[in-house]
Amino acid sequence: MRYVSDLVVDDGGMPVETPIMYDLGARPIREHAEKFGERQYRFESGDRRMMLRFAACFGQFSIMRDMHISVNDLPLRIYEMSTYSFRREQRGEVSGLKRQRAFTMPDMHTATRDADQAREELLRQAKLALQTGVDLGLNYEAAFRMTKAFYEDNERWVKTVVSELDKPVLVELLPERHHYWSAKIDFAAIDGLGRPIENPTVQIDVESAERFDIEYTDGAKTHHPPILHYSPSGELSA
């Protein structure tokens, strides 16, 4: 855990700590949680409907919302070693140390100025994720997923990313966007039985800044920043 934290902090991540429990009565929390409704531990506390976090998004977005962010602060990277996170995996899905219901995960979110800076950060963070594979002795296979519209608007850049990663990359085009991200790169190690073990991920989120009312100012106007979700190593431990 220290290795990953040092890696991200040295890269500009600002360490924070956020709660593990959130109120689903808050509209932004509820809407973001509904993207992953089948994976949550939900419960009642008095007359409030609550949930345990499955990632550090909720707390880190709330921190960003309450900050006064200038364009000069961007890219703004907020990082947490999220101990603990919880996902209500289905029966039969839990498998040793690969997939658990309670786990620790390094989680960083980066507010960026615009789509150009978001793309720059995605490539930079993807390269850093590959470095964790080198340092930990893992051979990551890469999958680059995006909407068809994103690919059509950024075809030359997508080819540049694949070239920069310097390894075979599976490119998947989705007919339309169903989640908060428009593009993401997932890395997976392959176990002895040929099964993928998902590890790092980096995603361009085009919804959450508006949903959580996260803004930055350029001195004249305010803007909603594209936000990247990033885990440089994926789940670390129970």
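These values consider heavy atoms only, across backbone and side chains, with no hydrogens, waters or symmetry-generated copies.
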**Q** Counting neighbours of CD on Glu210 that are heavy atoms of other residues, nucleotides or ligands and sit closer than 6.0 Å, is the number greater than 12?
**A**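 Not buried by this count: 12 neighbours or fewer within 6.0 Å.
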**Q** Do Asp135 and Tyr3 have side-chain N/O donor and acceptor atoms under 3.5 Å apart?
**A**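 There is such a pair between these side chains.
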**Q** Give me the one residue out of Gln60, Gln203, Arg77, Glu80 that meets side chain to side chain donor-acceptor pair (under 3.5 Å) with His109.
**A**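 Testing each of Gln60, Gln203, Arg77, Glu80 against His109, the sole residue satisfying side chain to side chain donor-acceptor pair (under 3.5 Å) is Gln60.
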**Q** Considering only NZ, NE, NH1 and NH2 on the basic side and carboxylate oxygens on the acidic side, decide whether Arg113 and Asp218 come within less than 4.0 Å.
**A**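 The answer is no: the pair does not qualify as a salt bridge.
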**Q** Quick one: does Phe187's side chain get under 4.5 Å of Thr132's, heavy atoms only?
**A**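 No, their side chains stay 4.5 Å or more apart.
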**Q** Should Lys127 and Arg124 count as side-chain neighbours, where that means a heavy-atom distance under 4.5 Å?
**A**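 They are not in contact (no side-chain heavy atoms under 4.5 Å apart), so the answer is no.
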**Q** Under the criterion side chain to side chain donor-acceptor pair (under 3.5 Å), I'd like the reasoning laid out for Ser5 against Tyr79: C-alpha separation, chi angles, the key distance, then a yes or no.
**A** CA-CA 8 Å; Ser5 290; Tyr79 165 74; 2.7 Å; yes
**Q** Hydrophobic clusters here meaning ILVMFWY residues chained together by side-chain heavy-atom distances under 4.5 Å, can you tell me if Val158 and Leu170 are in one?
**A**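 Result: no, two separate clusters.
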**Q** Counting only heavy atoms not in Arg49, do more than 12 sit closer than 6.0 Å to its CZ atom?
**A**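 For Arg49, atom CZ is crowded (more than 12 foreign heavy atoms under 6.0 Å).
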**Q** Would you please classify the geometry between the His32 ring and the Phe54 ring as parallel, tilted or perpendicular, with 30° and 60° separating the classes?
**A**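 Because their plane-to-plane angle is under 30°, the rings of Phe54 and His32 count as parallel.
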**Q** Taking all non-hydrogen atoms of both residues into account, name the closest pair between His223 and Lys221 and its distance.
**A**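 Closest pair (atom of His223, atom of Lys221, distance): CD2-O, 3.7 Å.
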**Q** How about Arg27 and Arg211: do any of their side-chain heavy atoms sit closer than 4.5 Å?
**A**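 Sidechains of Arg211 and Arg27: in contact.
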**Q** Would you check if Arg119 and Thr112 make a side-chain contact, meaning some heavy-atom pair closer than 4.5 Å?
**A**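 The answer is no, as the side chains (C-beta and beyond) never meet within the 4.5 Å cut-off.
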**Q** So do Ile227 and Phe61 actually touch side chain to side chain, heavy atoms under 4.5 Å?
**A**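 They are in contact (side-chain heavy atoms under 4.5 Å apart), so the answer is yes.
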**Q** What I'd like to find out is whether the side chain of His229 reaches to under 4.5 Å of the side chain of Val202, using heavy atoms alone.
**A**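 When only atoms from C-beta onward are counted, Val202 and His229 do not touch, as no gap falls below 4.5 Å.
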**Q** Determine, step by step, whether Met67 and Leu76 satisfy the side-chain contact (heavy atoms from CB on, under 4.5 Å) criterion, reporting the C-alpha distance in whole Å, the side-chain angles of both residues, the deciding distance to 0.1 Å, and the verdict.
**A** CA-CA 11 Å; Met67 296 175 70; Leu76 174 67; 3.8 Å; yes
**Q** Would you call Lys184 and His179 a side-chain contact if the rule is heavy atoms closer than 4.5 Å?
**A**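 The answer is no; the side chains never approach within 4.5 Å.
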**Q** My understanding is that only one of Ser82, Pro200, Ser231 makes a side-chain contact (heavy atoms from CB on, under 4.5 Å) with Pro106; could you say which?
**A**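 Among the candidates, only Ser231 passes.
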**Q** Could you check if a side-chain atom of Phe212 sits within less than 4.5 angstrom of a side-chain atom of Ile29, using non-hydrogen atoms only?
**A**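 A side-chain contact exists here, since the closest heavy-atom pair is under 4.5 Å.
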